[in-house]
Structures are given as C-alpha cells and as structure tokens.
2 protein chains.
Amino acid sequence: MNDATAPRPRMTKQRAAVLDALDQGGFRSAQSWHDLLRHDGSNIGLATVYRTLQALSESGDVDSVVTEGGETLYRRCETPEVHHHHLRCRVCGAAEDIDIPDLEEVSARIGAEHGFIELEHVVELTGVCSSCAAKAQH
Amino acid sequence: MNDATAPRPRMTKQRAAVLDALDQGGFRSAQSWHDLLRHDGSNIGLATVYRTLQALSESGDVDSVVTEGGETLYRRCETPEVHHHHLRCRVCGAAEDIDIPDLEEVSARIGAEHGFIELEHVVELTGVCSSCAAKAQH
DNA sequence: GTCATAATGAGAATCATTGTCAATTGCGGT
DNA sequence: ACCGCAATTGACAATGATTCTCATTATGAC
C-alpha cells in the first residue's frame, strides 16, 4: 500500500452533486442515490455514482453496510456522538431514527471479551408499521 | 405466526449430501459447498445447493453471514433455534457466535413503541481480532 | 407397487456491481 | 485567460452471485 501517492480527487460537478445528495443523510443503495440525483436534475451516470461512493468510502467519508440481500448501502459518515439506528418498515420503507440504550457499551464489552479491537456495529431493525399492518387486514 | 403449516422436507440424497458436507464445519459460500460436494462425487446441481442452504437457514439449522463482497456464507449452526449474532474480524473474516443480552426484548419494545409489528433485526458486529491486531504491529 | 407432488438439474434470467473506452473536463503550468 | 493532458465521465458490455423456469425424477403416503 502506498498512501504517499495521495490521490487527488478532482472536484467535478458530479462529485459535488453526490456530496450534496449525501447531505440528506440516511443509508441508501448506490442505485437509490443515483435515482435521487437524477430526480434533482443531474444527468450523472450510474457507474459514476458507484465509483464516487466507493472512493468516498475508501477515504472514510462515507460508511457502507451490506444488507442481507447483498446490496451495499452508503451514508455520509457522521460524528460518532450522534450514532443512532433505524427502524424501517419492510412494506412501505418508512424509516425512523431510534436509540438502542447500552448497545454501544454492550458491543464494546463483547468485543473486549473476544479480544477484538476497533469494534463497529451495524444494527437494522425492520418490521411492519401500523398503517401497513392495517392495510394487510383484508 | 403459524407453525401449523409445518412443511416437512423430504430427505433426498441431495439434502443428505449437503447436511453431510456441512459437518466439515466452517463458513463457506454456496458455490464453495457445491464444489466440495462435486469433488466428493455428487452430481448435485448448484441451484439445489442454494435452495437447500436457504431452507436450512430459514429453519435455523445453518447460520449465514454476508461478506463485504456481497457473498453469502453458510455454516452449520451449533445452537439451532436460538437466534444469535456474530462478531466478525474485518481483516481475516473469522467469525464467532455471540449473544447480545436483552436485544430481542429491547427490539420488541422499541418496535411496539413505534407501532411496528413482526419485528426483525440484523446485527453485525465487526472488529479486528487479536491475532490480526498483532500482525498489524509492524 | 402406485401415485401425487415435492425436489431436482440445466440453463436462462435477474440484479447489483464492475470493466471498457472514447469523449469530456478540471486544473496546474504558462 | 489559454493549453494540454491525465483524471473523470457516461453508455453499455461484462461479470459474478443468486434466483427462476420447467421438464424430469424420485420421496413418502397409501
């Protein structure tokens, strides 16, 4: 590895657009960010969104998680202090921010017990929200 | 939920072969298990391996984890029926079963507070294991 | 043994992601 | 402000993992 060859990213309008879109926060797939950008009037290409998100991920500016379906989700890296989780409806996709008490310290303790350092965790709660549950009553 | 519709899987030679192969232990991708089975003289199809592993995963007989590359790995579960999580090393990929006390009930409570039903959760703990941390000391 | 039907295998189809490559465009040097 | 060239882009082909399709096979109940 050579970090001496510090790659200098050019500030293209596409890169700026991605950074701007990321400000909306939340985890989204590359394809989802791409859709968002197109809706905002950009004509950015899908491959460029992938490349940009990957670059940002490697430089530590965005977090990425892999879902059970094998899809990679990206989100702008927030400050550790405001780390929180999401409760998402599997039917309509609505998501709410939630707080899981003690999770941070519990994960740190578990990691320590197994000799792991630099612990990170991804938690995704999903369910069916009340309105979707009501609609399912046929 | 309805366990009244308990589907009883047929014990085909393919299913038996997969169960037998799983006895070797360790996390492997579906394709890798398939290779293993073919090397053992089986002419089992790839789709069957996928189907069988998924069925076993749903019945709780095998664990599955998704790698950063989006590949799903399967391993026979030592403690079937008990939902648990994994602590995985980001460097070498080694995974261990862990238990996160109260997580089930905490997630159920949070879901209830938001009016969500049929709660499910995905928890992924990652870190750097002790041996990989030692190697990083150059 | 018979039979209904779940399970299988071969390959096509799908989905997310990556690679290709000619055209475009930051941006350092002038 | 202007040049020039390498980094970047976009359209689309290619890839790799997984799922689907459907004709054929074989399990398990009777």
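Lettering of chains follows the sequences in order, A, B, ..., and the numbering in each one begins at 1.
Distance, N43(B) CG to dA7(C) P: 18 Å, rounded to whole Å. Rounded to whole Å, atom P of dT9(D) lies 11 Å from atom NZ of K13(A). For the pair I44(A) CD1 and dA11(D) P, the interatomic distance rounds to 11 Å; values are reported in whole Å. Between L73(B) atom CG and dT18(D) atom C1' the separation is 14 Å, expressed in whole Å. Regarding L53(B), its CG atom lies at a distance of 15 Å from the C1' atom of dA7(C), rounded to whole Å. Spacing between atom CD of E58(A) and atom C1' of dT17(C) amounts to 14 Å, rounded to whole angstrom units. Between H34(A) atom NE2 and dA16(C) atom P there is a gap of 13 Å when expressed in whole angstrom units. Atom CH2 of W33(B) is separated from atom P of dA17(D) by 17 Å (rounded to the nearest Å).
No side-chain donor-acceptor contact under 3.5 Å links T52(B) to the backbone of V49(B). W33(B) contributes no side-chain N or O that, together with a main-chain N or O of L53(B), makes up a donor-acceptor pair within less than 3.5 Å. For the pair H34(B) (side chain) and T48(B) (backbone), a donor-acceptor distance under 3.5 Å is absent. Between the side chain of R38(A) and the main chain of I44(A), a donor-acceptor pair closer than 3.5 Å is present.
Using a 4.0 Å cut-off, no side-chain N or O of S29(A) falls inside it from OP1 or OP2 of dA16(C). Q14(A) has a side-chain polar atom (N or O) that falls below the 4.0 Å cut-off from OP1 or OP2 of dG10(D). Close to dT18(D), at under 4.0 Å from its OP1 or OP2, lies a side-chain N or O of Y50(B).
The side chain of Q31(B) has dA17(D) as its nearest neighbour among dA17(D), dG26(C), dT18(C). With distances taken from any side-chain atom of Q54(A) to the nucleotides dC27(C), dT18(C), dG9(C), the minimum falls on dT18(C). Checked against dT17(C), dG11(C), dA11(D), the side chain of R51(A) finds its nearest nucleotide in dA11(D). Closest to the T72(B) side chain, of the nucleotides dG9(C), dT18(D), dT9(D), is dT18(D). Closest to the side chain of T12(B), from the set dA17(D), dA7(C), dA10(C), is dA7(C).
Nearest-nucleotide positions on DNA chain C place G45(B) closer to the 5' end than the other of G45(B) and A30(A). Comparing L46(B) and R10(B) by the nucleotide of DNA chain D whose heavy atom lies nearest to each, the residue mapping closer to the 5' end is L46(B). Comparing M11(B) and G70(B) by the nucleotide of DNA chain D whose heavy atom lies nearest to each, the residue mapping closer to the 5' end is G70(B).
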**Request:** Would you sort out whether S42(A) and D40(A) count as a side-chain hydrogen bond (donor to acceptor under 3.5 Å, both in side chains), showing the intermediate values?
**Result:** CA-CA 6 Å; S42(A) 173; D40(A) 285 356; over 6 Å; no
